[in-house]
Chemist: 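The structure's right below; bear with me while I get my questions together.
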Number of protein chains: 2
Amino acid sequence: MPIDRRPLREQIREELLGRLDRGDFAAGTDINEVALAAELGVSRTPLREALITLAGEGVLESTQGRGFRFAPVSRKEFRELCEIVAGLEALALDRSDPAYLREIAPELLRLARDFPDRIAEQHVIERHDDEWHDLLVSGCRNERLIDLITSVKAGLRRYAHLLAGDDTPLEREAAEHCQVAELLMAGDRAAAGQALRDNWVNGMERMMSRIPAS
Amino acid sequence: MPIDRRPLREQIREELLGRLDRGDFAAGTDINEVALAAELGVSRTPLREALITLAGEGVLESTQGRGFRFAPVSRKEFRELCEIVAGLEALALDRSDPAYLREIAPELLRLARDFPDRIAEQHVIERHDDEWHDLLVSGCRNERLIDLITSVKAGLRRYAHLLAGDDTPLEREAAEHCQVAELLMAGDRAAAGQALRDNWVNGMERMMSRIPAS
DNA sequence: ACTATGAATTCTGAATACAAAACACAGGAG
DNA sequence: CTCCTGTGTTTTGTATTCAGAATTCATAGT
């Protein structure tokens, strides 16, 4: 097997994002660099590099002399991020090859119908949802756009653990995904894009109440 | 006056972007950290932090063990970036307060008509163009979106010096800006958004020939 | 009792030092 | 002559150290 030869800062970044998913960090709290570096078993240098990357993605904030802190969550920001991702994914759909979209539409439909039931664990559901969205935009030739979507979605990870346990909207989510897939199968990319945007907006509204008011 | 108390990495980032505008760096070339740090009069640590930030914005690329290099320019990437910014600015317009847009429309129109003539220096033209676009999206309440647009536009700076001296499309650019302003004054935000997207696409097509084929 | 001041402490920001990987080039085997 | 290999050099990646800013806490003055 090829051993892991990526820079430490990337591994650290992913580790921190993983912990974020699990809700290990309280939003709004300051980060103690020496403590966190010791905990991760690395020095402050690559840790700070990872923190700077995350700050660039909006996951963290930094203030001169006071270091980094996890950006506090807010309904306003959640709404902003969802709006952006919705716009970007719709754009990606628009810049995709229509033939390819028709090709993957059946798989998208299958995934949407296989949506895990409410018994499933939260991270399984998230994984499944991510998989669907990743496949959806996989036909986009605009590589920078794909990277950008990934980056913006990193900011949404801070909200993941807040949304855990709310299984009511699962059917809605699955149904909306089905609709997008069916529109793609019919070849109506514009309508699919609109349905996708609606899916994001609806999902956002469904989740909004679970975010503490700032 | 308040003295400059921003972190070095930010000042370095701006200095590098400024040099990029002036075409001081050849695209695709490797960066020697010690040499550049010495030239800037700083140590490698904040320099690397700035480089990592710029890599996150797509201005630089990094490879394990080989450091950073200015990402090579290509028509493909230029097209991708323009598509993204077009989509994001149109989204920003869509998320703006219509009343505010009508309010600033006259100023937008005035700016568009005051477009500097072809005698003006390149950076004056760019400054003017930036000012117009900044004002256009200034009514957007989505702060994250504004930041994102700024970040993606940083990637476009690598192309600025390539586009210098091409004064033919100036009237086209000005005319298209006028049209957007007039549509906004009429209160037709959707049409203005479409005109804005067209402006980006047209501008991109006009510039495309000046970018060396990869 | 409360505020202001200042020293001690903690932490970040930046510089330097060290380790390891990539590169360049010379020399030898085929 | 070509290709491989090994050694020396350069450059990056990471760790450590140093300096200075922010915070805390105690104390003195009102």
Side-chain angles (χ1 to χ4, degrees), chain A residues 1-20 24-72 158, chain B residues 1-20 24-72 158:
Chain A
M1 85 180 194
I3 58 178
D4 197 355
R5 297 233 329 85
R6 289 177 315 152
L8 270 183
R9 60 174 178 274
E10 289 185 17
Q11 303 182 47
I12 294 172
R13 170 178 173 277
E14 289 181 14
E15 172 64 23
L16 292 180
L17 282 177
R19 295 193 180 193
L20 212 54
D24 287 2
F25 299 113
T29 57
D30 286 8
I31 289 177
N32 186 322
E33 296 179 6
V34 286
L36 187 53
E39 190 181 328
L40 296 171
V42 296
S43 80
R44 278 181 60 211
T45 309
L47 170 61
R48 277 177 62 85
E49 293 180 345
L51 296 178
I52 287 167
T53 304
L54 290 170
E57 295 174 323
V59 177
L60 301 176
E61 293 177 347
S62 76
T63 323
Q64 165 73 258
R66 292 178 49 172
F68 299 88
R69 82 185 60 80
F70 285 96
R158 283 180 297 134
Chain B
M1 87 181 194
I3 58 179
D4 196 357
R5 297 241 316 91
R6 290 179 310 154
L8 270 184
R9 59 173 178 275
E10 289 183 18
Q11 303 182 46
I12 294 172
R13 170 179 172 276
E14 288 180 15
E15 171 65 23
L16 292 179
L17 282 177
R19 295 192 180 195
L20 211 55
D24 287 3
F25 298 113
T29 57
D30 286 9
I31 288 177
N32 186 320
E33 295 179 7
V34 287
L36 187 53
E39 191 181 327
L40 295 171
V42 297
S43 79
R44 280 180 59 212
T45 308
L47 170 60
R48 278 177 61 85
E49 294 179 345
L51 296 180
I52 287 167
T53 303
L54 289 171
E57 295 174 321
V59 178
L60 300 176
E61 293 177 346
S62 77
T63 325
Q64 164 75 258
R66 291 177 46 171
F68 298 88
R69 82 184 65 80
F70 286 94
R158 286 180 295 134

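As the structure is a computational prediction, the values presented were derived from the model and not from experiment. Values below: all heavy atoms of this structure, side chains included; hydrogens, waters and symmetry mates excluded. Numbered from 1 within each chain, the chains take letters A, B, ... in sequence-line order.
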Chemist: Given atom CG of A:Asn32 and atom C1' of C:dG13, what is their separation to the nearest angstrom?
Modeler: 14 Å
Chemist: What is the minimum heavy-atom distance between B:Arg158 and B:Pro72, and which atoms define it?
Modeler: NH1-O, 3.5 Å
Chemist: Whole angstroms only, please: what is the CZ-P distance between B:Phe68 and D:dT12?
Modeler: 9 Å
Chemist: Restricting to nitrogen or oxygen on both sides, can you table the protein-nucleotides 20-23 of chain C pairs closer than 3.5 Å?
Modeler:
from, atom 1, to, atom 2, distance (Å)
C:dA21, O3', A:Arg5, NH2, 3.4
C:dA22, OP1, A:Arg5, NH2, 2.8
C:dC23, OP1, B:Arg66, NE, 3.3

Chemist: Name the residue closer to the 5' end of DNA chain D, choosing between B:Gly67 and A:Gly41 according to the nucleotide with the nearest heavy atom.
Modeler: B:Gly67
Chemist: Quick one: do B:Glu15 and B:Val42 satisfy side-chain contact (heavy atoms from CB on, under 4.5 Å)? Show the steps, please.
Modeler: CA-CA 12 Å; B:Glu15 171 65 23; B:Val42 297; over 6 Å; no
Chemist: Report yes if some heavy atom in the side chain of A:Arg48 is under 4.5 Å from a heavy atom in the side chain of B:Thr45; otherwise report no.
Modeler: no
Chemist: Report the distance from atom CG of A:Leu36 to atom P of C:dC11, rounded to the nearest whole Å.
Modeler: 13 Å
Chemist: Scan A:Arg9, A:Arg6, A:Arg19 and name whichever one has a salt bridge (Lys or Arg N to Asp or Glu O under 4.0 Å) with A:Glu14.
Modeler: A:Arg6
Chemist: Could you check B:Leu16 against B:Leu20 for side-chain contact (heavy atoms from CB on, under 4.5 Å), going step by step and ending with a plain yes or no?
Modeler: CA-CA 6 Å; B:Leu16 292 179; B:Leu20 211 55; over 6 Å; no
Chemist: On the nucleotide D:dT12, are OP1 or OP2 found under 4.0 Å from the side-chain N or O atoms that B:Arg48 carries?
Modeler: no
Chemist: Round to the nearest Å and state the distance from A:Leu8 atom CG to C:dA19 atom P.
Modeler: 16 Å
Chemist: Give, ordered by number, those residues of residues 50-63 of chain A having at least one heavy-atom distance below 4.0 Å to an atom of DNA chain C; if nothing qualifies, reply none.
Modeler: A:Thr63
Chemist: With heavy-atom distances below 4.5 Å as the criterion, would you say the side chains of B:Arg69 and B:Thr63 are in contact?
Modeler: yes
Chemist: Counting distance alone, no hydrogens or angles: does the base of D:dA15 have a donor or acceptor under 3.5 Å from a partner atom on the side chain of A:Thr45?
Modeler: yes
Chemist: Check B:Phe70 against B:Ala26 and note the closest heavy-atom contact, atom names and distance.
Modeler: CB-O, 4.2 Å
Chemist: Roughly, in whole Å, what's the span from CD in B:Glu49 to P in D:dT14?
Modeler: 14 Å
Chemist: Minimum heavy-atom separation for A:Leu8 to A:Pro46, with atom names?
Modeler: CB-CB, 3.9 Å
Chemist: How close or far is atom P of C:dT12 from atom CZ of B:Arg9, stated in whole angstroms?
Modeler: 12 Å
Chemist: Would you classify A:Ile31 as touching base, sugar-phosphate or nothing, given that sugar-phosphate means primed atoms plus P, OP1 and OP2, and contacts are heavy atoms under 4.0 Å?
Modeler: sugar-phosphate
Chemist: What is the distance, to the nearest angstrom, from the CG atom on B:Leu47 to the P atom on D:dT12?
Modeler: 10 Å
Chemist: On a heavy-atom basis, which atom in A:Ala37 and which in A:Leu47 lie closest, and how many Å separate them?
Modeler: N-CD2, 3.6 Å
Chemist: Quick one: B:Arg44 CZ to C:dA15 P, roughly how many Å, whole number?
Modeler: 12 Å
